[in-house]
Amino acid sequence: QVQLVESGGGSVQAGGSLRLSCAASGYTGSSYCMGWFRQAPGKEREGVAAIYTSASSTYYADSVKGRFTISQDKAKTTLYLQMNSLKPEDTAMYYCATSRYPCVYGGTLGEGAMDYWGKGTLVTISS
């Protein structure tokens, strides 16, 4: 079992920045891939960014590429998402998730590949 707790959400104006954190506990050694997803009101959940914990290789959705940066601490128990140049369309609940397996298929971060999920942190961007 892996427990995930997100933090760092909030309300900022467009153009601002936020840094999300995801603290992992439990059997974290099983996490092969960790990712951030988001779900805006009335929309499906989408994969935003992912990192392979052993190789530190990363994936970004086109919508956030160049603005968001995913990283992990040395102990690989905390996942971060640095979000810059935020836009109103970035408004969503952001979720952290882990997988014991590769999580990017066909160039997309899929929620079906993820094993454990946090409860989310809300990000609101005003124009």
Side-chain angles (χ1 to χ4, degrees):
Q1 288 277 346
V2 177
Q3 294 78 43
L4 303 170
V5 179
E6 303 94 336
S7 61
S11 298
V12 298
Q13 290 191 324
S17 298
L18 283 173
R19 188 193 197 202
L20 305 184
S21 298
C22 172
S25 61
Y27 188 42
T28 58
S30 66
S31 297
Y32 183 76
C33 176
M34 298 188 73
W36 287 97
F37 293 76
R38 67 184 181 187
Q39 187 167 22
K43 295 188 177 181
E44 293 186 354
R45 188 154 54 185
E46 65 167 332
V48 172
I51 187 167
Y52 283 97
T53 57
S54 58
S56 295
S57 58
T58 57
Y59 157 89
Y60 296 97
D62 287 343
S63 57
V64 305
K65 203 171 290 183
R67 300 188 298 122
F68 290 12
T69 303
I70 189 171
S71 62
Q72 56 185 345
D73 68 343
K74 287 185 177 180
K76 300 179 182 178
T77 57
T78 305
L79 184 70
Y80 302 101
L81 187 67
Q82 178 67 44
M83 306 187 296
N84 299 328
S85 303
L86 284 161
K87 305 175 181 179
E89 51 263 44
D90 294 319
T91 294
M93 185 71 80
Y94 282 72
Y95 300 90
C96 170
T98 72
S99 175
R100 294 165 291 168
Y101 307 105
C103 56
V104 179
Y105 291 94
T108 302
L109 173 60
E111 63 176 295
M114 313 310 284
D115 298 311
Y116 301 103
W117 293 83
K119 294 184 178 181
T121 186
L122 183 62
V123 171
T124 304
I125 311 302
S126 58
S127 57

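Along the sequence shown, the residues carry numbers beginning at 1. Just so we're clear, the structure is a prediction, and the values are computed from it rather than from any experiment.
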Steps toward side-chain contact (heavy atoms from CB on, under 4.5 Å) verdict (F37, M93): CA-CA 8 Å; F37 293 76; M93 185 71 80; over 6 Å; no
Would you mind writing out the side-chain donor-acceptor pairs for residues 116-127 within the sub-3.5 Å range, not counting sequence neighbours?
residue : atom : partner : partner atom : Å
T121    : OG1  : G9      : N            : 3.1

Linked, directly or transitively: L18 and L81 (ILVMFWY side chains, under 4.5 Å): yes
Closest approach of V12 to S17 (non-hydrogen atoms, all atoms of both residues): CG1-O, 4.1 Å
Residue pair M34 / T53, side-chain heavy-atom distance below 4.5 Å: yes
Distance in Å, Q3 CD paired with T98 OG1, rounded so as to fall on 0.5 Å steps: 10.0 Å
Derivation and outcome, side-chain contact (heavy atoms from CB on, under 4.5 Å), residues S71 and Q82: CA-CA 8 Å; S71 62; Q82 178 67 44; over 6 Å; no
Heavy-atom closest pair, residues M114 and C33: CE-O, 4.1 Å
Nearest heavy-atom neighbours spanning L4 and A24: CD2-CB, 3.6 Å
Residue pairs passing the ring pair (Phe, Tyr, Trp, His ring centres under 6.0 Å) test where at least one lies in residues 41-75, sequence neighbours excluded: Y32-Y52
side-chain contact (heavy atoms from CB on, under 4.5 Å) between L109 and V48, worked out: CA-CA 7 Å; L109 173 60; V48 172; 5.8 Å; no
Main-chain N/O of Y101 paired with S99 side-chain donor or acceptor, under 3.5 Å: yes
Side chain to side chain, W36 and C22, heavy atoms closer than 4.5 Å: yes
Distance (rounded to the nearest 0.5 Å) between S21 OG and L79 CG: 8.5 Å
Pairs touching residues 67-77 that satisfy salt bridge (charged side-chain N to carboxylate O under 4.0 Å, His left out), sequence neighbours left out: R67-D90
Y94 side chain near E6 side chain, heavy-atom distance below 4.5 Å: no
Same cluster (ILVMFWY, side-chain, under 4.5 Å), Y95 and M83: no
Stepwise side-chain contact (heavy atoms from CB on, under 4.5 Å) test for R38 and S63: CA-CA 12 Å; R38 67 184 181 187; S63 57; 3.5 Å; yes
Cation-aromatic face contact R19/Y80, 6.0 Å, 45 degrees: yes
Least distance between heavy atoms, C103 atom then A113 atom: CA-CB, 3.9 Å
